[in-house]
Amino acid sequence: MRSRASMFGGIAAIAATFVVFVIPFLFIILMAFKDKQQSALRDFSWPNGFHLFDNLYEVIKTRNWMMITAFINSSLITVVSVTLLIVLAAMVGFVLARRKTRWNGLIEFLILAGLMIPPAVVPTIWLLQGLKLFGTLHGMILIQVAYNLPFSIILYRAFIATIPRELDEAAVIDGARPLDVFFRIILPLLWPVTVTNIVVQSVGIFNDFTNPLYYLPGNQNATVQLTLYNFQSQFSTAYNLLFTNILLITIPPLIVFMFFNRQIVAGMTAGAVKG
Amino acid sequence: MTASAVPALKMQRRSLYPGWFYAPAAAVYSVLFLAPTFASLYFSLTRWTLFDATFIGFDNFAQFFREPFLIQGLVNTVIYAVITSGLKVVIGMALAVMLTSQIMARGYLRSVIFFPVLVSTIGVGMTFTVLMHPTLGMINQTLAMIGIQGPGWLVDPKLALFSVALVDVWKGVGLATVIYIAGLVAIPKDYYEAARIDGATKLQNFFYVTLPLSRPATATVITLSFIGGLRTFDLIWAMTKGGPGFASDTVASVIYKQYQAGFYGLSTAGNVVLFILIAVLVVPLTMFLNRKQGHE
């Protein structure tokens, strides 16, 4: 009797999550297969014909192949800023976990402040203009590094604290030079938390809309999130193209999700369990 | 050990963990995050064109608390943060309890609940804007089939903010769920064993074992989603742009609108207001959530 009840509960859960979480994605996919006329109805119906490739071509070539530029820009920003984040955060996490000085309290306060405080937008723009970095990819990359450092440092510090200190000393006794201890002994051991960092931060930076909106204006600087606004106008929206675009930019996170599901969850839940 | 060996060892230990390892991160962080934050304290007191700033004292803040639509933005921000974090706690906990029990298709359930976390917020916002259309949207069309006239989710000023908050929960509850799952799995089985011997019911199990012992997870979920809720911009911008009227404006969308309009001083004052709002609400909240239990 009991197992029948739990089976019923299981089926109900599958049905409910299907309606709430899966149907919206099916809707996106169906819309991407439709032509403009049918998509304007915005209903949950089978496409009249196969228009996905036409839509894809249309989406990619719109506004002078903006989608290509956007994918290149977004990939560049993501790859470079995540690389910088990893190196800089690992260095800070290492020294912060190993060396106790009176500055540690201040540094930890600054890290928490970075997680909480909303960035001051206009002063940042003013500063970027002064540094000739406003509206450049370099500037955008450095902004992503600055804003995402605190989270990466926290992940690294927590992980490094679990690596025994004796390892450093043993390496020194075996003749390792001080810098070798970090770059050749510790850094390779950080691989699991580095993967977590790469996955979590790249999804976040790839999906970021607000920061490029403020700091990276201009068509030649478009990032993928901004391309979504190409098909919306006050008078008419090409729904088939809009949803093809949404589908297209959902593919990178989907791939990441399929391969790194475990690391993403590990990274996002880090620190949640210990009190 | 000879006397001269001690300072040598000390020097070596120091360079093993070199202080300059902080330098590159500190440089980027101070220049691009800390400096603008401090600068905002000054520029919020000015009328500012980016080229020159005239000091006007607290006029921007006075305006912020005088204009009804700016006050509404402030109130909306708090409402939005409370609703989203409250719902994420309740639903996230319920889903986590379900997913840690002996339920079928656990992998499927976990995946579909978590995946929206990784999807573009703007994409989600635009999709739900279409689904929530008052007449053509799938939600109201489905409701009409069973004879219910659905509300104007995003066009009714009384409802718009709550509709966006619901979509926020849809997108973010997966994160709350996996945090809770991590917390629930960490509860030692002995507690449930002891409760079973004492003859506890399922409900008692939940309220006297699961709920108190998953408190660190609750603290994380509330803190994360409350800060996220207070700072929210992209979802609101994708769905309503603060409308209809100013019905779903938040401080973050006000900051953007004032920036677009060229009121840089006022926009920066909005930033400072948001900063103070977060500090005033989140610091006591985290202290309350992380306080030690009485017997410790």
Side-chain angles (χ1 to χ4, degrees), chain A residues 6-7 9-10 13-14 17 20-22 24 27-28 41-44 88-89 91-92 94-95 98-99 114 116-124 126-127 142-143 145-147 149 168 172 178 181 203 207 209-210 225 228 239 242 246 249-250 253 256-257 264-265 268-269 271-275, chain B residues 12 15-19 21-22 24-25 28-29 32-33 35-37 39-40 43 50 98 102-105 108-109 112-113 115-116 118-123 126-127 130-131 133 136-138 141 175 178-179 182-183 186 216-217 220 227 231 233-234 255 259 264 267-268 271 274-275 278 282:
Chain A
S6 89
M7 197 167 100
I14 292 170
T17 52
V20 175
F21 290 104
V22 180
F27 180 75
I28 295 173
L41 298 172
R42 286 167 264 174
D43 56 353
F44 194 79
L88 299 194
M91 286 163 75
V92 172
F94 176 60
V95 182
R98 287 290 198 253
R99 210 167 106 179
M116 266 174 53
I117 300 174
V121 178
V122 192
T124 308
W126 170 74
L127 193 90
L142 290 173
I143 288 280
V145 174
Y147 290 178
L149 262 176
D168 312 355
V172 173
V181 173
V203 170
N207 280 339
F209 168 74
T210 314
Q225 304 304 318
L228 289 172
Y239 287 101
L242 171 63
I246 294 176
I249 69 166
T250 306
V256 169
F257 176 68
I264 299 176
V265 172
M268 288 186 166
T269 57
V273 187
K274 65 172 181 64
Chain B
Q12 198 173 42
S15 55
L16 199 52
Y17 311 122
F21 268 32
Y22 287 130
V28 177
Y29 188 68
L32 292 175
F33 182 74
T37 301
S40 72
F43 285 119
L50 284 183
M98 183 180 92
Q102 299 298 325
I103 195 164
M104 63 166 103
Y108 154 82
L109 290 172
V112 294
I113 292 168
F115 183 60
L118 303 177
V119 177
S120 145
T121 310
I122 302 297
M126 286 180 170
T127 305
V130 171
L131 296 177
H133 190 280
L136 292 170
M138 211 175 90
Q141 297 233 322
L175 182 56
V178 295
I179 291 174
T220 309
I227 296 178
R231 288 170 60 161
F233 169 73
D234 38 11
I255 292 171
Y259 161 71
Y264 299 127
S267 171
T268 307
N271 247 308
L274 185 56
F275 169 32
I278 291 178
V282 173

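Proteins come first, then strands; the chains are lettered A, B, ... in the order of their sequence lines, and each starts at number 1.
Other residues, nucleotides and ligands contribute over 12 non-hydrogen atoms within 6.0 Å of the OH atom of B:Y259.
At a 4.5 Å heavy-atom cutoff, the contact between A:L149 and chain B is made by side-chain atoms alone. For chain B, the nearby part of A:I249 is the side chain; its heavy atoms alone come within less than 4.5 Å. Heavy-atom distances place the side chain of A:V22, and not its backbone, under 4.5 Å from chain B. In this structure, chain B has a heavy atom under 4.5 Å from the side chain of A:L127, while its backbone stays farther away. Only the side chain of A:L242 comes within contact range of chain B, with at least one heavy atom under 4.5 Å from a heavy atom of that chain. Of the two parts of A:V256, neither the backbone nor the side chain holds a non-hydrogen atom closer than 4.5 Å to a non-hydrogen atom of chain B. Looking at B:V112, the atoms closer than 4.5 Å to chain A (heavy atoms on both sides) sit in the backbone and in the side chain alike. In this structure, chain B has a heavy atom under 4.5 Å from the side chain of A:I28, while its backbone stays farther away. Proximity to chain B (any heavy atom under 4.5 Å) is shown, for A:V92, by both the backbone and the side chain. Both the backbone and the side chain of A:F257 come within contact range of chain B, judged by heavy atoms closer than 4.5 Å. In this structure, chain A has heavy atoms under 4.5 Å from both the backbone and the side chain of B:I255. B:Y108 touches chain A through its side chain: at least one heavy atom from C-beta onward sits under 4.5 Å away, while N, CA, C and O do not. Heavy atoms of B:L118 lying under 4.5 Å from chain A belong to its backbone as well as its side chain.
Across all non-hydrogen atoms, the minimal contact from B:L32 to A:Y147 is O-CE2, 4.1 Å.
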List the steps and the verdict of side chain to side chain contact (heavy atoms under 4.5 Å, CB included) for B:M98 and B:L109. CA-CA 10 Å; B:M98 183 180 92; B:L109 290 172; 4.1 Å; yes
Stepwise side chain to side chain contact (heavy atoms under 4.5 Å, CB included) check, A:F209 with B:T121: CA-CA 8 Å; A:F209 168 74; B:T121 310; over 6 Å; no
Could you check A:I143 against B:F33 for side chain to side chain contact (heavy atoms under 4.5 Å, CB included), going step by step and ending with a plain yes or no? CA-CA 8 Å; A:I143 288 280; B:F33 182 74; over 6 Å; no
Check against side chain to side chain contact (heavy atoms under 4.5 Å, CB included), A:R42 and B:M138: CA-CA 7 Å; A:R42 286 167 264 174; B:M138 211 175 90; over 6 Å; no
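Note on A:T17, A:T250, A:D43: by heavy-atom pairs under 4.5 Å with chain B, the leading option is A:T17. No other option in A:P119, A:A89, A:G9 has as many heavy-atom pairs under 4.5 Å with chain B as A:P119. Of all the listed residues (A:L88, A:I246, A:V95), the one sharing the greatest number of non-hydrogen pairs under 4.5 Å with chain B is A:V95. When each of A:A120, A:P118, A:P253 is scored by its heavy-atom pairs under 4.5 Å with chain B, the top score falls to A:P118. Put simply, of B:L175, B:I103, B:V28, the one with the most heavy-atom pairs under 4.5 Å next to chain A is B:V28.
Checked against the 6.0 Å centroid criterion, the rings of B:F43 and B:Y264 do not qualify as a close aromatic pair. Checked against a 6.0 Å centroid threshold, the rings of A:F21 and B:F115 do not count as neighbours.
The aromatic rings of B:F21 and A:F94 are tilted relative to each other, their planes meeting at an angle between 30° and 60°.
By the 4.5 Å heavy-atom criterion applied to side chains, A:P123 and B:T268 are counted as neighbours.
Atom OG1 of B:T127 sits about 11.5 Å away from atom OH of A:Y239, to the nearest 0.5 Å.
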